[in-house]
Amino acid sequence: MSTPTVARPSLDDELHAATQGNVRSIGRLVSAVENADATVLAAIATRKVGAPLVVGLTGPPGVGKSTATDGLIAHYRAAGRTVAVLAIDPTSPLTGGAILGDRIRMLRHVKDPGVYIRSFAARRQLGGLAETTETAIRLLAVIGFDIILVETVGIGQSEVDIARVASTTVVLVSPRGGDGMQAVKAGVLEIADIFVVNKAELPGAEETVRDLTEALAHRRPAPDSWRPPIVRASAATPGGLDDLAIALEQHREWLEHHPVQPGQVRAELVRRALKDAAVDRFRRALAVPDDAVARVLEGVTPVDAVIDELVLLGRSSRPITL
Amino acid sequence: MAARILVAKPGLDGHDRGAKLVAVALRDAGFEVIYTGIRQLPVDIATIAVQENVDMVGLSILSGAHMALVRKTIIALEEAGGGDIPVVVGGTIPSFDVEPLQELGVRATFPTGSSLTDLVAGVHKVLDQHAAETEGTSWTS
């Protein structure tokens with residue numbers, strides 16, 4: 001976007017400026033990735049990347065993910081590491097709009113040039129994790145951030161998605177009302193590298209720790225596998241994240257000695273990318289006829305039967321380019 | 001792709017009901033709204049605007065200090081490299097300040113009492129104008 005006053009640099013210059021800490025350039029490049037700009041995707045795919053620590057934080061709304069993210073920023077900055085944050089919030093399925101307010105908990109870092117915070121709307125991705133998060137992480141790695149924190153709302157499949165892109169996945173639960181375990185459904189138990197019982201000063205925290213311990217005890221982990229610790233935290237209290245910081249460091253060390261087989265990860269990535277692309281094409285191709293809506297509203301055709309019709313219709317339609 | 005809008009409240013007044021209503025109305029109109037709460041410094045608003053690469057900054061000001069706060073925000077945006085990001089202002093803006101605000105570079109004003117429908121239409125208009133002034137979405141390689 002060149003304007004009469006601000007000329008747009010070349011992509012190489014923009015990437016260079018970003019690595020030098022130019023926030024305008026970083027912001028524009030992240031947007032390009034978010035909008036799947038092919039030129040930028042190609043450019044970062046071929047660049048050399050360091051090995052940043054990518055920490056995913058997930059858990060139910062209100063559990064304290066943003067506050068924990070804020071505390072981790074402070075922790076890593078105190079250690080002299082640069083930090084990028086991707087804070088992902090859901091997109092309204094009705095309007096495509098979103099309110100992104102996570103960074104309100106991280107305002108104290110706004111003057112720190114070593115911290116870059118970016119809000120993401122999940123947009124169309126079914127799982128809840130923005131479809132471009134993975135590429136955005138790669139871009140931030142190319143730019144040279146030491147630590148990348150990814151915060152997602154714990155709904156649907158986003159927890160599983162985050163495990164795919166993060167080197168360490170942190171699942172937060174809160175003791176409130178003893179509902180902590182409600183949040184730790186099947187699937188989430190499997191993906192956590194670290195469990196955090198946040199707001200540990202509240203009543204019910206010990207009970208939640210016990211419930212979690214019990215749930216994990218039923219598993220039969222392979223002899224050499226990582227055993228996810230359960231740490232207590234009070235994200236809003238000074239020093240309240242110390243145990244989490246130690247657990248993150250232990251997991252990082254463990255990863256160094258137990259690298260994931262690259263083939264496994266890549267096959268899974270390709271599988272997911274193919275599925276996403278196929279679903280996306282199907283979604284664009286499918287127009288639901290008024291007649292189908294009317295028949296469901298009037299109850300003349302069972303919903304299942306109408307869905308079967310739509311699947312056939314979508315398959316035979318040519319994709320519409322938006 | 002949805003346009004991204006930063007809704008921010010510079011200055012000392014702590015009344016953000018209007019800003020929150022606007023944020024919700026813009027979300028319902030299909031925008032991605034970044035909301036950062038009350039009592040923001042102009043320089044911090046500018047930093048957030050470029051970090052988030054928003055397509056527009058909307059300032060909500062009820063304190064009466066809109067001339068000074070808008071001037072500071074626009075200067076801070078320029079210094080952050082975001083001088084090309086359009087700025088709109090809502091709140092208690094007397095009619096005699098509308099023109100001076102435009103001279104500062106404000107693209108639209110929405111005084112207290114503006115309907116949300118008019119606001120959404122006004123935002124669309126500013127974004128369309130801005131898109132027409134700029135060309136191309138990709139870098140030269």
Side-chain angles (χ1 to χ4, degrees), chain A residues 1-6 8-15 17 22-32 34-40 42-43 84-85 87 89 91-92 94-113 115-121 123 322, chain B residues 1-9 16 19-41 43-55 77-86 105 120 130-141:
Chain A
M1 278 191 284
S2 63
T3 71
T5 48
V6 188
R8 189 151 212 186
S10 76
L11 180 54
D12 272 347
D13 289 347
E14 190 87 292
L15 275 165
N22 183 315
V23 183
R24 186 78 175 121
S25 298
I26 301 173
R28 277 200 289 243
L29 286 164
V30 175
S31 289
E34 194 176 18
N35 297 322
D37 182 312
T39 325
V40 176
V85 175
D89 269 328
T91 292
S92 158
L94 293 179
T95 67
I99 290 188
L100 312 171
D102 289 329
R103 66 180 300 147
I104 211 163
R105 309 256 177 255
M106 309 168 202
L107 287 173
R108 62 175 162 147
H109 304 290
V110 69
K111 287 184 175 34
D112 182 347
V115 178
Y116 175 80
I117 300 171
R118 178 68 175 232
S119 313
F120 255 43
R123 298 197 175 172
L322 289 180
Chain B
M1 63 194 89
R4 297 163 62 83
I5 301 177
L6 173 61
V7 173
K9 274 196 66 65
D16 65 346
K20 281 178 176 161
L21 270 175
V22 165
V24 170
L26 290 172
R27 178 200 63 190
D28 290 347
F31 293 105
E32 292 176 2
V33 182
I34 292 112
Y35 183 67
T36 52
I38 57 173
R39 299 196 181 106
Q40 299 293 295
L41 292 174
V43 64
D44 295 345
I45 291 171
T47 302
I48 292 170
V50 294
Q51 283 194 355
E52 298 284 357
N53 193 36
V54 291
D55 301 292
L77 267 173
E78 279 163 7
E79 284 172 355
D84 55 318
I85 301 172
V120 168
H130 186 249
E133 288 162 17
T134 58
E135 47 180 82
T137 53
S138 201
W139 286 267
T140 51
S141 43

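Letters A, B, ... mirror the listed sequences (proteins, then strands); counts begin at 1. Only a predicted model underlies this, so the values are computations on that prediction, with no experimental measurement involved.
- Inter-residue side-chain proximity for B:Glu32 and A:Asp89 is flagged as unmet; no heavy-atom pair is nearer than 4.5 Å.
- Only the backbone of A:Val115 has a heavy atom closer than 4.5 Å to any heavy atom of chain B.
- For chain A, no part of B:Ile5 is nearby; none of its heavy atoms comes within less than 4.5 Å.
- Contact of B:Ala80 with chain A is made through the backbone alone, with heavy-atom distances under 4.5 Å.
- B:Ala2 and A:Gly96 get closest at one heavy-atom pair: CB-O, 4.3 Å.
- The shortest heavy-atom contact between B:Asn53 and A:Ser31 is ND2-OG, 2.6 Å.
- Interatomic distance, OG1 of B:Thr36 versus CG of A:Leu100, reported as 11.5 Å (0.5 Å rounding).
- Between the CD1 atom of B:Ile38 and the CD1 atom of A:Ile104 there is a distance of 8.5 Å, given to the nearest 0.5 Å.
- With respect to chain A, the highest number of heavy-atom pairs below 4.5 Å among B:Thr47, B:Leu41, B:Asp44, B:Leu26 belongs to B:Asp44.
- Side-chain contact check for B:Asp84 versus A:Arg24: some heavy-atom pair is nearer than 4.5 Å.
- Within 6.0 Å of CZ on B:Arg4 lie more than 12 heavy atoms contributed by other residues, nucleotides or ligands.
- Inter-residue side-chain proximity for B:Ile48 and A:Leu107 is flagged as met; some heavy-atom pair is nearer than 4.5 Å.
- Proximity to chain B is absent for every atom of A:Val30, based on heavy atoms less than 4.5 angstrom apart.
- Heavy atoms closer than 4.5 Å to chain A are found in both the backbone and the side chain of B:Val24.
- Nearest heavy-atom pair, B:Gln51 versus A:Arg103, reported as atom, atom and distance to 0.1 Å: OE1-NH2, 2.8 Å.
- When every heavy atom of A:Ser119 is checked against every heavy atom of B:Glu52, the shortest pair comes out as OG-OE2, 2.7 Å.
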